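The structure appears below as structure tokens.
The model shown is predicted, which means the values in this text are computed figures rather than measured ones. Positions are given from 1 along the sequence.
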Amino acid sequence: MLDTVILELEGVIADTSEARRDAVFASLRADAIQLSLSEYREHCAGLAFEDAIRAAIRHAGRPVDETAIALAALRSERAYRAYIGKGLTLVDGARETLERLHDTARLALVTRSPRNDAMFVLSLA
């Protein structure tokens, strides 16, 4: 019998990958940096906004300016919230699985996202 089930929020419960990617792309465009989809996957996917921006800047061969990275990360976060604020898709079967497990096990969600982003996603879900 299961006692506790730990699930990843992003990608397992909520499908946020496109919104995160589009937010990073929009922020990078403001600094005249463009990545292909494959470059994004290789260097940025799965990273927090600040780390993704830093990786993209390094990949583009630009000098790393921590202030510029922080500003670009804030732009990404704002764009991300705007994108998911329009609607959020749960991964197929996520809701049903959570409902089945709710009465039989303790549930926990984990994420690499900042707490305020995770709470925003959960409020929409």
Side-chain angles (χ1 to χ4, degrees):
M1 178 130 181
L2 292 175
D3 180 52
T4 304
V5 177
I6 301 172
L7 300 161
E8 170 65 39
L9 176 61
E10 293 185 327
V12 174
I13 301 299
D15 185 5
T16 59
S17 61
E18 285 183 21
R20 292 187 76 75
R21 181 200 64 219
D22 291 348
V24 169
F25 280 176
S27 182
L28 290 172
R29 275 193 306 273
D31 290 328
I33 297 173
Q34 292 204 316
L35 294 179
S36 68
L37 192 53
S38 63
E39 288 170 324
Y40 173 81
R41 281 191 211 117
E42 182 178 342
H43 300 286
C44 305
L47 299 177
F49 286 123
E50 192 167 310
D51 295 331
I53 296 295
R54 185 177 288 107
I57 288 172
R58 283 190 177 132
H59 178 69
R62 299 271 181 92
V64 175
D65 174 344
E66 290 302 320
T67 302
I69 290 170
L71 290 172
L74 288 172
R75 280 195 310 265
S76 295
E77 289 172 16
R78 190 172 0 147
Y80 173 71
R81 286 176 171 265
Y83 290 142
I84 65 172
K86 294 175 186 174
L88 178 70
T89 303
L90 296 180
V91 173
D92 287 341
R95 182 180 189 89
E96 295 80 9
T97 299
L98 291 172
E99 287 172 349
R100 263 194 323 266
L101 291 171
H102 181 265
D103 293 331
T104 61
R106 289 182 293 177
L107 300 175
L109 294 175
V110 296
T111 183
R112 291 177 63 187
S113 294
R115 183 179 187 87
N116 59 343
D117 284 353
M119 295 305 292
F120 186 60
V121 168
L122 289 173
S123 73
L124 294 172

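Atom CZ of Phe49 is separated from atom CD1 of Ile69 by 15.0 Å, given to the nearest 0.5 angstrom. Remark: Leu122 CG to Arg115 CZ distance equals 9.5 Å, nearest 0.5 Å. Note that the OG1 atom of Thr111 and the CE atom of Met119 stand 12.0 Å from one another [nearest 0.5 Å]. The structure places CD1 of Ile57 at 10.0 Å from CG of Leu35, a figure rounded to the nearest 0.5 Å. Taking CD from Glu10 and CG from Leu109, the interatomic distance works out to 11.0 Å, rounded to the nearest 0.5 Å. The CG atom of Asp15 lies 11.5 Å from the CD1 atom of Ile84; values are rounded to the nearest 0.5 Å.
Between Leu28 and Ala56 the shortest heavy-atom distance is CD1-CB, 3.6 Å. Scanning all heavy atoms of the two residues, the minimum distance from Ala26 to Tyr83 falls at CB-OH, 4.0 Å. Residues Val121 and Ala14 approach most closely at CG1-CB, 3.8 Å, considering heavy atoms. Scanning all heavy atoms of the two residues, the minimum distance from Ala55 to His43 falls at CB-O, 3.3 Å. Annotation for Arg20 and Tyr40: closest pair C-OH, 4.0 Å, computed over non-hydrogen atoms. For the pair Arg95 and Leu90, the tightest heavy-atom approach, listed with the atom from each and the gap, is CB-CD1, 4.2 Å.
More than 12 heavy atoms of other residues, nucleotides or ligands lie within 6.0 Å of CG in Leu107, so this atom counts as buried by the packing criterion. Heavy-atom contacts from other residues, nucleotides or ligands closer than 6.0 Å to CD of Glu8 number more than 12.
Counting heavy atoms from C-beta outward, Glu42 and His59 have side chains that stay 4.5 Å or more apart. In this structure, the side chains of Phe120 and Asn116 stay at 4.5 Å or more apart for every pair of heavy atoms. For the pair Phe25/Gln34, no side-chain contact is recorded, criterion being any heavy-atom separation below 4.5 Å from C-beta on. Here the side chains of Asp3 and Arg106 are in contact, with some heavy-atom distance below 4.5 Å. For the pair Arg54 and Asp51, the minimum side-chain heavy-atom distance is below 4.5 Å. Using a 4.5 Å heavy-atom threshold, the side chains of Ile33 and Ile53 count as separate.
Judged purely by atom type and a 3.5 angstrom limit, Arg62 uses its side chain to pair as donor or acceptor with the backbone of Asp31. Formation of a donor-acceptor pair under 3.5 Å by the Ser27 side chain with backbone atoms of Ala23 is not found in this model. Between the Thr16 side chain and the Ala19 main chain, no donor and acceptor come within less than 3.5 Å of each other.
Taking the charged nitrogens against the carboxylate oxygens, Arg81 and Glu77 have no contact shorter than 4.0 Å, which rules out a salt bridge. Ion pairing of Glu96 with Arg100 is absent here, as no side-chain N (NZ or NE/NH1/NH2) approaches a carboxylate O to less than 4.0 Å.
In the hydrophobic clustering of ILVMFWY residues, with side-chain heavy atoms under 4.5 Å counting as a link, Leu9 and Leu7 come out together. The same ILVMFWY cluster, assembled from side-chain heavy atoms under 4.5 Å apart, contains both Val24 and Leu88.
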